[in-house]
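Accompanying notes for the structure given below.
So that the names make sense, note that chain A is the first sequence line, chain B the second, and so on, each numbered from 1. Just so you know, these numbers come straight off a predicted model, no measurement behind them.
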Amino acid sequence: MSIQNLNTFDPFADASKGADDDVQDGLVHIRIQQRNGRKTLTTVQGLSKEYDLKKIVRACKKEFACNGTVIEHPEYGEVLQLQGDQRENICQWLTKAGLAKPDQLKVHGF
Amino acid sequence: MAEDDAIFDPSLKKKKKKKKTSFDIDAALAEGNTENDSAPANDADNKESAAAGEDQDDGNVDIDLDFTKAKKKKKKKPFTAEDLDSVDNKIEIPQEGSGDVDGGVDDSFDLELDFSLSKKKKKTKKPKNLDDLIAETEEKDEDQENVDENSTQWVNSDRDYTYDELLNRAFEIMRDKNPDMAAGKKQKFVMRPPQVVKIGAKKTSFANFTEICKMLHRQPKHLLDFLLAELGTSGSVDGNSQLIIKGRFQQKQIENVLRRYIKEYVTCHTCRSPDTILQKDTRLFFLQCETCGSRCSVASIKSGFQAVTSKRAAIRAKTA
């Protein structure tokens with residue numbers, strides 16, 4: 001007779017693994033910052049480490065016709081930074097590419 | 001506000017993009033102007049009154065619409081510096097007069113509404129809702145009659161009551177106790193718009209900041225933290241109790257941020273009542289509702305990653 005309590009079942013297995021398909025967990029924060037004049041910067045924080053941010057930024061640069069970089073931040077990890085107001089573009093793109101669900105995107109700023 | 005989340009709908013996106021392309025300083029200033037121009041420019045308004053009249057039907061503000069109007073007016077009216085100065089005073093005055101649609105409509109913005117939706121959607125929605133409501137109330141009336149018969153039936157008789165009867169009875173009592181709810185009315189939370197004025201080229205003043213804090217029953221510091229974190233800038237409250245923010249912002253943009261603040265930190269997440277208290281409990285903020293008694297934690301204010309926007313050489317000079 002097996003005792004249930006002694007089973008080697010890890011109840012947190014799927015929690016740490018990420019419950020479903022390729023979609024990441026955790027919120028993606030999309031922010032906008034004003035620069036001088038009417039220029040702006042868009043930052044995307046919180047994308048999963050599983051993704052190759054460099055590839056993402058390369059695709060985004062091409063898609064939105066803007067420049068962009070990946071910035072390494074000690075606290076927030078890798079952060080995407082794009083020139084101009086790309087908030088809507090990036091939201092659309094992330095959902096279309098299946099990298100994040102629409103309810104995981106949190107758009108900040110005005 | 002489930003519609004709020006639909007911001008990523010591609011159909012909505014088109015419209016936003018259009019707005020953004022038309023974003024320039026003049027338009028921004030002209031937007032402020034619509035409010036004080038509208039009184040003398042009644043004749044000019046008459047042309048638009050068809051469109052504006054529809055607006056009034058709802059009795060609510062549609063910012064998108066206003067914006068386009070502002071653009072129209074920009075063409076008609078040359079903008080003077082005098083106007084800019086008077087924007088401040090005139091927004092406060094509740095504008096009367098039938099011709100003045102803009103002012104009356106602009107005076108208060110209403111949180112129950114979803115501004116991200118286009119005008120047309122709202123319209124198609126409204127009549128439907130009304131119809132639904134009427135139908136509902138009619139049904140309720142019928143129900144009530146049934147209930148009256150039923151309730152007397154089972155109160156007097158010895159037989160067991162049914163579930164439906166009890167349910168009807170409960171609803172009846174509820175309706176008796178608060179008649180507002182019975183009519184299907186939602187409590188509307190009307191707020192004054194923020195007064196946003198430019199100071200020079202790089203700063204913006206939020207003139208009635210403390211007033212709005214008082215209306216929301218929130219600490220100015222909390223709102224200040226949120227505003228600055230969301231806008232990704234710095235700022236402070238000056239001697240005249242107005243907020244000075246670094247960067248150029250329009251009233252519409254501040255309104256957007258305020259709406260988000262109210263949604264997260266003022267209205268109850270369960271019953272949407274604005275009658276709430278924000279408490280700090282072991283490093284977490286809790287929202288306690290006075291109406292329904294629910295208590296839930298709210299997100300902490302984080303500014304997150306901030307990119308370097310100023311001159312790097314200047315930063316280096318400062319730190320070194």
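The number of heavy atoms from other shown groups lying within 6.0 Å of CD (A:E50) does not exceed 12. Sparse packing is recorded around CD of B:Q219, with 12 or fewer heavy atoms of other residues, nucleotides or ligands lying under 6.0 Å away. Residue B:K203 qualifies as open at atom NZ: its count of foreign heavy atoms under 6.0 Å is 12 or below.
Looking only at heavy-atom pairs under 4.5 Å with chain B, the residue among A:Q81, A:R35, A:R31 that has the most is A:R31.
A donor-acceptor contact shorter than 3.5 Å links the side chain of A:Q34 to the backbone of B:R248. Using modelled atom types, no side-chain atom of A:Q45 and backbone atom of B:G304 make a donor-acceptor pair closer than 3.5 Å.
From B:Q253, atom CD reaches atom CD1 of A:I32 across 8.5 Å, with rounding to the nearest 0.5 Å. Here the CD atom belonging to A:E78 is positioned 11.5 Å from the CZ atom belonging to B:F305, to the nearest 0.5 angstrom. Between the OH atom in A:Y76 and the NZ atom in B:K302 there is a gap of 7.5 Å [rounded to 0.5 Å].
Using a 4.5 Å cut-off between heavy atoms, A:H29 makes no contact with chain B at all.
The minimum heavy-atom distance between A:L41 and B:V308, with the atom names listed, is CD1-O, 4.3 Å.
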